[in-house]
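So the structure is just underneath, and the comments pick up after that.
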Number of protein chains: 2
Amino acid sequence: MPEKTNRKGIIVDIAQGLFSRFGFLKTTIDEIAKAARMGKASLYHYFRNKEDIFREVINKESKVLSNKIREAVDKEETPQEKIKAFIITRMKYLKELVNIYAALKDEYLTHYAFIEKARENNYKEEIETVKAILDEGIAKKIFIAPDVELTSFAIISALKGLEYPWTIKIPVPELEDNLNKLLEILFNGIVKK
Amino acid sequence: MPEKTNRKGIIVDIAQGLFSRFGFLKTTIDEIAKAARMGKASLYHYFRNKEDIFREVINKESKVLSNKIREAVDKEETPQEKIKAFIITRMKYLKELVNIYAALKDEYLTHYAFIEKARENNYKEEIETVKAILDEGIAKKIFIAPDVELTSFAIISALKGLEYPWTIKIPVPELEDNLNKLLEILFNGIVKK
DNA sequence: AAATAGAACATAAAACAAATATGTTCGAAC
DNA sequence: GTTCGAACATATTTGTTTTATGTTCTATTT
């Protein structure tokens, strides 16, 4: 834990809390400034504009998410376990990191260019993460080697399709149980051997 | 082809055309009436209200979609081919049937109770269709028998996740090629045997 | 009865203006 | 390098009026 002596980092932390509670649109520069015990004009010494503050918050949360996922994946031995760790960790922390979640999902943020950038970055990173696991599995002769690019894309897309009905309707323990069954399909298919 | 002598059916056809072009909100009762060469008050002899007209249009398109899918699925022999036929036919006709597509996807229709009903019905029917194919495959000793309910749910959800990026980014011939590869995974998995 | 529509009605949407809130800039002070 | 009061331009909200639209009523026609 590095001590925060730099003003900028502190402001980002404070903004993160406000954005988490009220969202990007409903949080005002003035509120952030007051919470940081500053005049709002002072914020412009550290940030170009409001978007810039939100961008930094999102960057911060993105890094936290990436690190959590990397840790969880690295901890596992088999590529099968790595894929499972990726999915579970992603679902768990995405829900906690309110701002990056909003940046990725909320319709009303779609128009902002920097949000689109964040989404694209996140998408590419997720694809890359899965691709790396698949490649490793292939190198270890555990997975067969079809179209890795397409398979990664499919896993991520399918995950997004499952995400919404899953998180809404289903309690967490049952969720892991279901995930195991679906991974069983991903790994071994549904055709009798 | 039954000759349309009944006024109600004709009105529904006309409304279908207008709703397809302008959507539910932007189509007025007056426009429908004029297109049918009637005063708008006369429409209320056949329909309770505007929603009621749209509901009939959606019902009509739903039946078309269901029939197309049933035909395509029944035509195939193996359960593998049936699943593929289901997915392709669904994607193809859903795009053509503008109103049911809007009813299922458009955010601005979410609040209407009758739209929610239509979505739920569609969802259940899709799940049932896939479940029937899976059950048949299991009965024929082609598929293994895990959690059929969950598997159907997963196939439909994953499909919805794939649908959007797929239809946007990818040309149709490549799409069928990709689908084949993904079905290969669904059937046989990615783990080396 | 069944079908039609003109007119009236209530409500929703659009248009407009005034008031307020908010993001951003500037210049001065520390 | 930091801070901020004040000013500014613009976005948002609010209240009001007008218009458009969905629906009902009643009378007339078939």
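The chains referred to below are lettered A, B, ... by the order of the sequence lines, with proteins before strands, and numbering in each begins at 1.
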Is [Y] close to [X] at the side-chain level, that is, under 4.5 Å between some pair of heavy atoms?
X	Y	value
A:L179	A:W166	yes
B:K140	B:E136	yes
A:E96	A:E61	no

Practice task
Would you work out how much the helix from C:dA1-D:dT30 to C:dC30-D:dG1 bends between its ends, with each end axis defined by five base pairs, to 10 degrees?
Solution key: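 Between the axes fitted at each end of the helix from C:dA1-D:dT30 to C:dC30-D:dG1 lies an angle of 40°.
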
Please produce a list of atom pairs where a protein N or O lies less than 3.5 Å from an N or O of nucleotides 10-14 of chain C.
none

Find the distance [X]:[atom1] to [N]:[atom2] and express it as a whole number of Å.
X	N	atom1	atom2	answer
A:D30	C:dT20	CG	P	17 Å
A:L18	C:dG23	CG	P	12 Å
B:F54	D:dG22	CZ	P	13 Å
B:I32	D:dT23	CD1	P	10 Å
B:I53	D:dT23	CD1	C1'	12 Å
A:K50	D:dA11	NZ	P	13 Å
B:L43	C:dA2	CG	P	19 Å
B:I29	C:dT4	CD1	P	15 Å

Problem - CD1-CD1 distance between B:I88 and B:I69, expressed to the nearest 0.5 angstrom - result: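 With rounding to 0.5 Å, CD1 (B:I88) is 12.0 Å from CD1 (B:I69).
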
Taking the six-membered ring of [Y] as reference, does the cationic atom of [X] (NZ for Lys, CZ for Arg) lie under 6.0 Å from its centre and within 45° of its axis?
X	Y	value
B:K160	A:Y164	no
A:K8	A:F47	yes
A:K169	B:Y123	yes

Problem - Any donor-acceptor N or O pair under 3.5 Å, side chains A:N121, A:S62 - result: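 No pair is found: no donor N or O on one side chain lies under 3.5 Å from an acceptor on the other.
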
Exercise for the section: Using only side-chain N and O atoms of A:Y44, determine if any of them is under 4.0 Å from OP1 or OP2 of C:dT24. Expected result: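 So the side chain of A:Y44 is within the cut-off, an N or O lying under 4.0 Å from OP1 or OP2 of C:dT24.
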
Practice task
Check the surroundings of atom NZ in B:K63: do more than 12 heavy atoms from other residues, nucleotides or ligands lie under 6.0 Å from it?
Solution key: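 Open.
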
Handout entry: Any donor-acceptor pair under 3.5 Å from B:K26 side chain to B:F19 backbone
Key =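 Answer holds: no.
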
Exercise for the section: Establish, yes or no, whether a centroid distance under 6.0 Å links the rings of A:F54 and A:Y112. Expected result: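 Ring centres of A:Y112 and A:F54 not closer than 6.0 Å.
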
Got a list of protein N/O to nucleotides 2-4 of chain D N/O distances below 3.5 Å?
residue : atom : partner : partner atom : Å
D:dT3   : OP1  : A:R7    : NE           : 3.2
D:dT3   : OP2  : A:Y46   : OH           : 2.6
D:dC4   : OP2  : A:G39   : N            : 2.9
D:dC4   : OP2  : A:S42   : OG           : 3.0

